[in-house]
**Q** 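Quick one: structure below, then a few questions.
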Protein chains: 2
Amino acid sequence: MKTAGGFGRGPAGNRSAAHGAGRPCCRRGGGGGLGAFVEPAALAALLAKPAHGYDLRKEISLITDGQVEVDAGGLYRVLRRLEDEGFVTSAWAEGGTGPQRRDYQLTAEGRELAQDWITRLRERERLSRILADALSAQTEEPDGRNG
Amino acid sequence: MKTAGGFGRGPAGNRSAAHGAGRPCCRRGGGGGLGAFVEPAALAALLAKPAHGYDLRKEISLITDGQVEVDAGGLYRVLRRLEDEGFVTSAWAEGGTGPQRRDYQLTAEGRELAQDWITRLRERERLSRILADALSAQTEEPDGRNG
DNA sequence: ACCAACTATATGTTATTAACATATAGTTGT
DNA sequence: ACAACTATATGTTAATAACATATAGTTGGT
């Protein structure tokens, strides 16, 4: 997910060493940061309309007003896994021009999984608020000004 | 984090195979689920008051009204890493009875990191809401009933 | 005196997930 | 002819939680 602003770690600097290429190193993310997003985003896009992978990525950006951008590689990986698990079906599209497309759509189980994700996301929202509030409460200054 | 309710995956069942022990297998979580929680929770507890590890775990439960329970092993690991990175200092406590205690407290940089986490958690809260709303919008039934 | 429960710290391991990187290949527009 | 877009896909690194297990010192109940 490409959200605004990084989350560098100081003061000891980023823990990952620079790559051998000698350029400023990038850093792998891991879902631990903001939590899993690609799967629910994919489900939301598929609920809107069945589509091929590349289009789904654009649909995700559309239905979240540009707030969520998913990694193409990760999206295809998630779609494959969802199909393996029975939440999605896909087939190569006939005709058309350009590179071969694979059309995806949700199964009934996929719609149920989407419901599960609503619950999970509301829970994540709630716990994020609880923790942010706990942190904020401890950093209030005596005169009420916040840091 | 031990939150209410699991998040099993169907219909193909859990992907992890049962352990060789032949008992119902547990499953490792990974931060991808709800996102990182142990570090901000530890920082919130330390902002409330410097304390030893075991007490911090209880403080976390206290300041989140029992909503957040962190794994003890993970908490000690995070405390050590935060110390390695300069956000926390610790020292063995003198005197007292029972097992040896290690007292932790935040550094100035640790307080800054706590500020960073407020920002990050608000962002997570916001994005969780956006995604949950996107999913909910697609599952509304024509007569307005929600699934 | 014995033992369960609590206190207290710590490492090993498995699993989930995102991000960065790179690859191949077919159109389209300049 | 070539850059940019379209479209799919795998390799790899890194972040993080959860489960498991270990060691060791009190305390309280029987």
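Within every chain, numbering begins at 1; the chains are lettered A, B, ... in the order of the sequence lines, protein sequences first and strands thereafter. Remember, predicted model here, so these are calculated numbers, not experimental data.
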**Q** Under the rule for salt bridge (Lys or Arg N to Asp or Glu O under 4.0 Å), what residues qualify as partners of A/Arg111, not counting sequence neighbours?
**A**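 Applying salt bridge (Lys or Arg N to Asp or Glu O under 4.0 Å) to A/Arg111 gives none.
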
**Q** Write down the partner of C/dA15 under the Watson-Crick or G-U wobble criteria, each distance required to be under 3.5 Å.
**A**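 Partner of C/dA15: D/dT16.
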
**Q** Select from B/Pro40 and A/Arg77 the residue whose nearest nucleotide in DNA chain D is closer to the 5' end of that strand.
**A** A/Arg77

**Q** Check whether any side-chain nitrogen or oxygen of A/Arg101 sits under 4.0 Å from OP1 or OP2 of D/dA7, and answer yes or no.
**A** yes

**Q** Quick check: on DNA chain C, is the nucleotide nearest B/Gly74 upstream (toward 5') of the one nearest A/Gly30, or the reverse? Name the residue that is more 5'.
**A**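 Its nucleotide being nearer the 5' end, the pick is B/Gly74.
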
**Q** Does a side-chain N or O from A/Tyr76 land closer than 4.0 Å to OP1 or OP2 of D/dT8, or not?
**A**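 A/Tyr76 to D/dT8 OP1/OP2: side-chain N or O found under 4.0 Å.
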
**Q** For B/Arg80, enumerate each residue passing the salt bridge (Lys or Arg N to Asp or Glu O under 4.0 Å) test, keeping only those at least two apart in sequence or located in another chain.
**A**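 Per chain and number, B/Arg80 pairs via salt bridge (Lys or Arg N to Asp or Glu O under 4.0 Å) with no residue.
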
**Q** D/dC5 P sits how many Å from A/Lys58 NZ, rounded?
**A** 11 Å

**Q** Please examine the side chains of A/Glu112 and A/Thr107, heavy atoms only from C-beta on, and report whether any two atoms are closer than 4.5 Å.
**A** no

**Q** Please tabulate, for side-chain N and O atoms in residues 42-55 of chain A, each donor-acceptor pair with protein atoms closer than 3.5 Å (sequence neighbours left out).
**A**
none

**Q** Do you reckon A/Leu131 sits in the same ILVMFWY cluster as B/Val38, going by side-chain contacts under 4.5 Å, direct or chained?
**A** yes

**Q** Measure the distance from OH on B/Tyr104 to P on C/dT9 and round it to the nearest whole Å.
**A** 6 Å

**Q** Near DNA chain D, which residues from residues 92-100 of chain B have a heavy atom under 4.0 Å away?
**A**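 Within residues 92-100 of chain B, the residues near DNA chain D are B/Thr97, B/Gly98, B/Pro99.
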
**Q** Return the nearest nucleotide to the side chain of B/Arg80; candidates are C/dT7, C/dG12, C/dA10.
**A** C/dA10

**Q** Could you check how far CG of B/Asp71 sits from C1' of C/dT11, rounded to whole Å?
**A**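 It is 12 Å, rounded to the nearest whole Å.
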
**Q** Which whole-number value in Å describes the distance from B/Leu56 CG to C/dA8 P?
**A** 11 Å

**Q** For a quick test of your reading: what N or O donor-acceptor pairs under 3.5 Å do the side chains of residues 96-105 of chain A make, sequence neighbours left out?
**A**
unit_1: A/Gln100; atom_1: NE2; unit_2: A/Ala93; atom_2: O; d: 3.0
unit_1: A/Arg102; atom_1: NE; unit_2: A/Ser90; atom_2: OG; d: 2.8
unit_1: A/Arg102; atom_1: NH2; unit_2: A/Ser90; atom_2: OG; d: 3.3

**Q** Rounded off to whole Å, could you give me the CZ-to-C1' distance for the B/Arg81 and D/dT16 pair?
**A**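 Whole-Å distance recorded here is 9 Å.
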
**Q** Looking at C/dT22, which nucleotide sits across from it as a Watson-Crick or G-U wobble partner, both distances under 3.5 angstrom, or is there none?
**A**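 Pairing partner: D/dA9.
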
**Q** Give every residue pair that meets the salt bridge (Lys or Arg N to Asp or Glu O under 4.0 Å) criterion with at least one member in residues 125-134 of chain B, sequence neighbours excluded.
**A**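 Every pair satisfying salt bridge (Lys or Arg N to Asp or Glu O under 4.0 Å) with a residue in residues 125-134 of chain B: A/Arg122-B/Asp133, A/Glu125-B/Arg129, A/Arg129-B/Glu125, B/Arg122-B/Glu125, B/Glu123-B/Arg126, B/Glu125-B/Arg129.
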
**Q** To the nearest Å, give me how far apart CD (A/Glu69) and P (C/dA18) are.
**A**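 Checked: the CD to P distance equals 15 Å.
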
**Q** Please report the distance, rounded to the nearest Å, between CG in A/Leu121 and P in C/dT17.
**A** 12 Å

**Q** Report which part of the nucleic acid B/Arg102 touches: base, sugar-phosphate, or nothing (heavy-atom distance under 4.0 Å, all strands).
**A** sugar-phosphate

**Q** In whole Å, I'd like the distance from the CG atom of A/Leu75 to the C1' atom of C/dC20.
**A** 16 Å

**Q** Assign B/Gly53 to base, sugar-phosphate, or nothing according to its heavy-atom contacts below 4.0 angstrom with the strands shown.
**A** sugar-phosphate

